[in-house]
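What follows is a single structure, written as structure tokens, with notes after it.
For the numbers below, each heavy atom of this structure counts, side chains included, while hydrogens, waters and symmetry mates do not. Not measured: the values here are computed from a predicted model.
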Amino acid sequence: MDRRQALRTSTQILGGLLAVPGLGILTGFGAYDPHDHHHTQAVPSKPANTTPLAPQTLTEAQNERLIALTERIIPSSDTPGAKEAEVNKYIDRILSLWMKEDEKDQFLAALERIEQVALHQFGRPITKLLPNEQDELLKRYARAGSGADGQFFNTLKSLTLEGYYTSEIGATQELQYSAAHGAYIADAPLSQIGRAWA
Amino acid sequence: MFQKSNIPNIYVSTQTEYDAIVVGSGITGGWAAKELTEKGLNVLMLERGNYLAHKKDYVTEHKSPWDFPFRGRGDRKKFEEEYEVQSTCYAFYEGTEHMFVNDKNHPYIQNPEKPFWWIRGYHLGGRSLMWGRQCYRWGEQDFEANAKDGYGVDWPIRYRDIAPWYDYVERFVGISGEALGLPQVPDGIFQKPMDMNVVEKHVKTGIEKNFPDRKMTIGRCANLTETIGDRSPCHYCGPCERGCSTGSSFSSQSSTLPAAFKTGRLAIRANSIVQSVLFDEQKGRASGVQVIDARSKETRIYKSKIIFLCASTIGSTAILLNSKSRTFPNGLANGSETLGHYLMDHHFQLGASAKFPEFNDRYYAGKRPNGIYIPRFRNLNGEQRSDFVRGYGYQGGGGRSSWKRGNDLEEFGLALKTKLREPGDWGFSLMGFGETLPLHENRIWLDPQKTDQWGIPMLHIEAAWSDNEVKMRRDILTAAAEMIEAAGGKEVSTFDNGSIPGHGIHEMGTARMGKDPKTSVLNGWNQAHEVPNLFVTDGAAMASSACQNPSITYMALTARACHYVVEKMKRNEL
């Protein structure tokens with residue numbers, strides 16, 4: 001079992017609570033989420049925008065569809081959503097450079113299949129659906145269980161959350177992001193601190 | 001001084017004889033260099049990896065998640081192919097991969113039945129840059145343990161021998177923490193402790209009320225809360241393992257190396273792999289080291305009066321095993337045939353956790369690089385358990401879960417976004433760290449045929465837990481759960497993710513100290529019984545493992561050994 005898998009398993013055991021791996025050596029991060037290595041921020045550094053302008057793996061149609069779906073998972077509200085945070089570009093990078101071939105193929109196949117489902121159910125492509133229709137489609141996937149559709153939904157959702165909350169928009173506008181905080185405030189009313197730390 | 005001296009690959013004449021050579025630049029190498037140069041010796045430090053300059057080379061320090069192409073995941077293919085072992089380390093990720101050794105280029109041989117995960121950093125400063133910084137003194141029970149239960153050989157020293165040296169190094173390192181008056185983790189020279197958060201305080205009260213023999217305290221850590229020289233108090237940015245420009249987190253770079261540079265008596269050669277220590281048969285002494293340039297693969301010889309091996313537990317012993325002579329055909333200073341044996345670590349990766357949602361109106365700010373500690377309470381004060389000898393401690397902490405819990409929630413869309421804007425439930429967890437016994441069969445040795453790209457024999461490492469560790473683990477789970485339950489935790493659950501030797505990164509032993517040259521490699525001064533000018537002051541010297549994080553003990557032993565050397569040299573006795 002690799003480390004990430006091990007951590008994930010332990011997180012599941014704990015109900016997604018906290019596993020505090022390697023605490024011993026590190027202790028440090030208390031009960032922070034074990035996956036979270038991004039406790040830091042800067043000293044405002046220029047975001048390294050290495051994101052390519054055009055997607056590397058997704059076709060233009062797939063890219064538009066992905067933008068529509070991720071935006072329904074994290075919609076814009078009083079803060080920007082997944083689209084403005086360019087979650088699609090992050091997912092394209094993961095598809096292009098991180099996933100194994102079979103994982104990528106599965107994801108892309110499911111991204112095609114969901115379009116067929118939309119066409120069949122609503123007679124229109126995903127990008128032409130109303131938000132509530134897109135939600136209906138996603139809900140169906142969310143309830144799909146452990147099959148291919150359910151797996152696709154879980155992957156799509158987790159990549160969307162990761163891409164969004166680790167983006168500058170997600171971390172600094174939706175949540176809050178303190179660089180070197182300067183001090184450790186051990187206890188304060190939540191109302192005073194406000195939102196969750198990214 | 002330090003900045004000015006940051007010149008990689010300073011030319012060092014091979015003709016020069018140094019007063020001392022220090023092999024390795026990690027936490028003990030840094031101390032040896034500081035102490036020996038400050039006492040007037042000319043020192044050559046040899047580091048097998050690259051030069052890594054303080055501040056300038058902390059290339060990911062204070063970067064934001066969005067600065068990383070894979071947001072911390074790293075290049076999966078590269079990690080799988082080149083960092084198979086390193087990627088199991090909690091501190092290894094996209095922001096720190098450059099701090100860890102490339103397993104593919106620096107292989108060792110494991111026994112699949114008895115795996116050992118060897119976590120390494122080959123660069124100036126070694127693991128002092130990525131270490132966990134938890135610092136607990138060992139107590140009398142730790143130095144007496146071998147003599148009492150018969151595992152391993154008796155330590156030639158006792159707490160009183162090392163206590164003043166703990167004082168000495170702690171003043172310089174800067175340890176924040178709380179005095180408890182507990183003999184099993186003696187109090188030291190502490191800076192003001194970091195604060196516990198609201199749930200940690202609540203759990204502490206619950207545990208101490210219900211278990212009078214147990215105490216919970218904030219971690220004692222080498223992160224400053226008060227200024228020392230040009231090192232500032234911690235600014236709570238979080239990941240110390242990326243390097244700490246303010247020197248708030250102790251490392252060779254921030255602390256011991258600048259002190260050594262200041263004397264003008266330290267030369268450093270990076271990319272210099274020590275292949276062996278040379279032995280002068282006539283004089284019965286070490287005469288220098290043979291080095292292979294990591295890049296050109298040229299061989300050089302450096303001579304010195306004294307040799308300090310500080311190349312890490314396994315690194316130092318591997319050098320000795322590869323130092324063969326007529327007198328020592330099986331490795332230098334290995335008349336006892338114990339060199340390479342009695343490898344230890346701490347077993348961990350198990351404990352308990354629970355939720356404390358009644359505190360959900362409270363929160364915190366800043367990323368504290370520290371957690372809580374519950375010192376050992378087993379087999380002390382006359383208790384003698386029938387199921388295991390020795391003991392364990394817990395590390396842990398409280399906090400609120402992040403947006404990642406969204407993956408476990410049903411919903412998506414605005415409802416999810418709104419929910420994740422708030423932190424999740426409070427949780428608290430404890431993880432045990434247990435002592436492991438020194439066993440002959442847990443060992444390292446050199447392959448008789450296979451060599452690495454520098455022609456140095458490949459290293460075999462194998463280790464497995466004994467029945468004592470297995471039984472101790474049961475108690476670790478039970479005691480963790482009972483404490484968290486007593487403290488009022490909801491949904492208490494235990495976890496045991498299994499613990500592979502080496503993964504604790506507290507590897508110790510293989511060139512142990514002892515009273516008898518027939519059964520040990522080093523005497524009570526970290527000096528080889530059989531080679532008077534050879535010292536090993538890293539984890540290799542340990543005769544038992546205790547259950548406390550060991551680095552502060554290595555530092556104290558190193559400073560003590562340096563003092564001994566210089567006193568002996570003054571009297572012409574070395």
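Ion pairing between a basic and an acidic side chain is recognised when a charged N comes within 4.0 Å of a carboxylate O; Arg143(A) and Glu410(B) show no such pairing. Ionic pairing of Arg421(B) and Asp78(A) is present here: one or more N-O contacts between side-chain nitrogen and carboxylate oxygen are shorter than 4.0 angstrom. Here Lys100(A) pairs with Glu80(B) in a salt bridge; the nearest charged N to carboxylate O distance falls below 4.0 Å.
Checking Ser158(A) against Lys404(B) by side-chain atom types alone, no donor-acceptor pair falls below 3.5 Å.
For chain A, the nearby part of Asn360(B) is the backbone; its heavy atoms alone come within less than 4.5 Å. For chain A, the nearby parts of Lys417(B) are the backbone and the side chain; heavy atoms of each come within less than 4.5 Å. Proximity to chain B (any heavy atom under 4.5 Å) is shown, for Leu97(A), by both the backbone and the side chain.
Summarising the geometry of Thr166(A) relative to Trp403(B), their closest heavy-atom pair is CG2-CZ2, 3.9 Å, with the distance given to 0.1 Å. Summarising the geometry of Phe412(B) relative to Asp135(A), their closest heavy-atom pair is CZ-O, 3.6 Å, with the distance given to 0.1 Å.
Rounding to the nearest 0.5 Å gives a distance of 5.5 Å between CG of Leu416(B) and CG of Leu161(A). Between the CZ atom of Arg400(B) and the CH2 atom of Trp197(A) there is a distance of 13.0 Å, given to the nearest 0.5 Å. How far OH of Tyr236(B) is from NE2 of His181(A): 11.0 Å, rounded to the nearest 0.5 Å.
Stacking of Arg71(B) on the aromatic ring of Tyr90(A) is recorded, both the 6.0 Å distance cut-off and the 45° axial limit being met.
Trp98(A) places a side-chain N or O within 3.5 Å of a backbone atom of Gly74(B) that can act as its donor or acceptor partner.
With a 4.5 Å cut-off on side-chain heavy atoms, Ile94(A) and Phe70(B) count as touching.
Among the candidates Gln192(A), Gln176(A), Glu174(A), the residue making the largest number of heavy-atom pairs closer than 4.5 Å to chain B is Glu174(A). For the set Ala365(B), Gly413(B), Gly351(B), the entry with the most heavy-atom pairs within less than 4.5 Å of chain A is Ala365(B).
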